[in-house]
Amino acid sequence: MSEYAKRAREYQTTIRKILLKEWDPIGVADIPEAQDEYDSYVPHIYSQLIHHKSEEEVFNNLWQIETDHMDLCGDRQRTEKIVKRFMELRDQIEKNC
């Protein structure tokens with residue numbers, strides 16, 4: 001496996017875990033059948049991170065998913081925290097390249 005592919009897999013695996021275990025706006029983290037609930041959001045978030053989109057842009061994307069797509073009231077503090085985690089992930093992975 002190429003270095004690029006390993007990095008992409010690491011990014012995507014960690015994004016998936018963060019979405020399911022930390023963000024989880026609909027509370028499905030402990031439901032075995034729903035472990036893939038947020039997988040469709042991973043590619044776009046991954047793309048935003050590798051293209052160095054701003055924290056604000058990543059937040060707006062996640063906020064739109066939570067409030068428009070899922071039609072929830074949203075938890076701004078939690079979403080901000082998750083976006084900071086994504087920024088830390090990017091910094092950590094990019095530092096190791």
Side-chain angles (χ1 to χ4, degrees):
M1 179 182 301
S2 74
E3 196 61 38
Y4 174 81
K6 285 170 42 175
R7 182 179 78 154
R9 178 172 286 160
E10 181 180 356
Y11 255 122
Q12 293 175 13
T13 298
T14 306
I15 291 167
R16 183 179 189 268
K17 287 178 185 175
I18 291 169
L19 290 174
L20 185 63
K21 301 298 182 185
E22 298 178 42
W23 181 55
D24 193 24
I26 59 174
V28 297
D30 295 327
I31 301 171
E33 300 83 13
Q35 296 302 293
D36 63 350
E37 183 66 31
Y38 308 124
D39 286 1
S40 65
Y41 308 129
V42 172
H44 186 69
I45 294 169
Y46 168 69
S47 177
Q48 287 185 306
L49 294 176
I50 66 168
H51 290 104
H52 295 276
K53 298 298 181 182
S54 70
E55 192 171 317
E56 180 180 5
E57 289 172 297
V58 177
F59 173 84
N60 288 339
N61 174 56
L62 202 56
W63 187 250
Q64 181 180 15
I65 292 168
E66 190 172 341
T67 59
D68 292 341
H69 181 73
M70 294 180 176
D71 202 28
L72 300 171
C73 291
D75 181 336
R76 184 169 285 278
Q77 287 183 325
R78 179 187 60 216
T79 304
E80 288 171 349
K81 178 182 170 189
I82 296 309
V83 171
K84 288 196 184 306
R85 289 272 290 123
F86 288 147
M87 297 296 114
E88 291 167 1
L89 170 67
R90 177 174 63 195
D91 292 345
Q92 177 186 0
I93 290 175
E94 296 299 322
K95 181 178 82 172
N96 293 328
C97 288

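As a basis for the values below, the full set of heavy atoms in this structure was taken, side chains included, without hydrogen atoms, waters or symmetry mates.
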Please report the interatomic distance [atom1]([X]) to [atom2]([Y]), rounded to the nearest 0.5 Å.
{"X": "I26", "Y": "E37", "atom1": "CD1", "atom2": "CD", "value": "4.0 Å"}
{"X": "L72", "Y": "T67", "atom1": "CG", "atom2": "OG1", "value": "8.5 Å"}
{"X": "R7", "Y": "S2", "atom1": "CZ", "atom2": "OG", "value": "10.0 Å"}
{"X": "D68", "Y": "W63", "atom1": "CG", "atom2": "CH2", "value": "10.0 Å"}
{"X": "F59", "Y": "K81", "atom1": "CZ", "atom2": "NZ", "value": "14.5 Å"}
{"X": "L20", "Y": "E22", "atom1": "CG", "atom2": "CD", "value": "10.0 Å"}

Legend entry - With H52 via side-chain contact (heavy atoms from CB on, under 4.5 Å) - residues at least two apart: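 For H52 the side-chain contact (heavy atoms from CB on, under 4.5 Å) partners, ignoring immediate neighbours, are R90, E94.
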Inset, instruction - Could I get the full list of side-chain contact (heavy atoms from CB on, under 4.5 Å) partners for D39, not counting sequence neighbours? - result: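 D39 satisfies side-chain contact (heavy atoms from CB on, under 4.5 Å) with R16, D36 only.
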Inset, instruction - Please check if the side chain of T13 supplies one atom and the backbone of R9 the other of a donor-acceptor pair under 3.5 Å. - result: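 Between the backbone of R9 and the side chain of T13 there is a qualifying donor-acceptor contact (under 3.5 Å).
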Is the shortest side-chain heavy-atom distance between [X] and [Y] below 4.5 Å?
{"X": "E66", "Y": "D75", "result": "yes"}
{"X": "M87", "Y": "L49", "result": "yes"}
{"X": "P25", "Y": "R78", "result": "yes"}
{"X": "H51", "Y": "Y46", "result": "no"}
{"X": "K84", "Y": "E80", "result": "no"}

Legend entry - Sequence neighbours excluded, every pair satisfying ring-ring contact (aromatic ring centres under 6.0 Å, His included) that has a member inside residues 15-40: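 Found W23-Y38.
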Inset, instruction - For A5 and M1, work out which heavy atoms get closest and say how close. - result: CB-CG, 3.5 Å
Legend entry - Common cluster, I31/I18, ILVMFWY with side-chain heavy-atom separation under 4.5 Å: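 Per the 4.5 Å side-chain linkage, I31 and I18 are co-clustered.
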Inset, instruction - Tell me, yes or no, whether the heavy-atom count around E55 atom CD, taken from other residues, nucleotides or ligands under 6.0 Å, exceeds 12. - result: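 For E55, atom CD is crowded (more than 12 foreign heavy atoms under 6.0 Å).
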Legend entry - NZ/K6: more than 12 non-hydrogen atoms of other groups inside 6.0 Å: no
Inset, instruction - Could you walk me through whether L62 and F86 pass the side chain to side chain contact (heavy atoms under 4.5 Å, CB included) test, one step at a time? - result: CA-CA 11 Å; L62 202 56; F86 288 147; 4.2 Å; yes
Inset, instruction - Kindly indicate, with the supporting measurements, whether the criterion side chain to side chain contact (heavy atoms under 4.5 Å, CB included) is fulfilled by N60 and E56. - result: CA-CA 6 Å; N60 288 339; E56 180 180 5; 3.7 Å; yes
Inset, instruction - For a side chain to side chain contact (heavy atoms under 4.5 Å, CB included) with Y11, tell me which candidate from I45, V42, I50 qualifies. - result: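 Testing Y11 for a side chain to side chain contact (heavy atoms under 4.5 Å, CB included) against I45, V42, I50 leaves exactly one candidate, I50.
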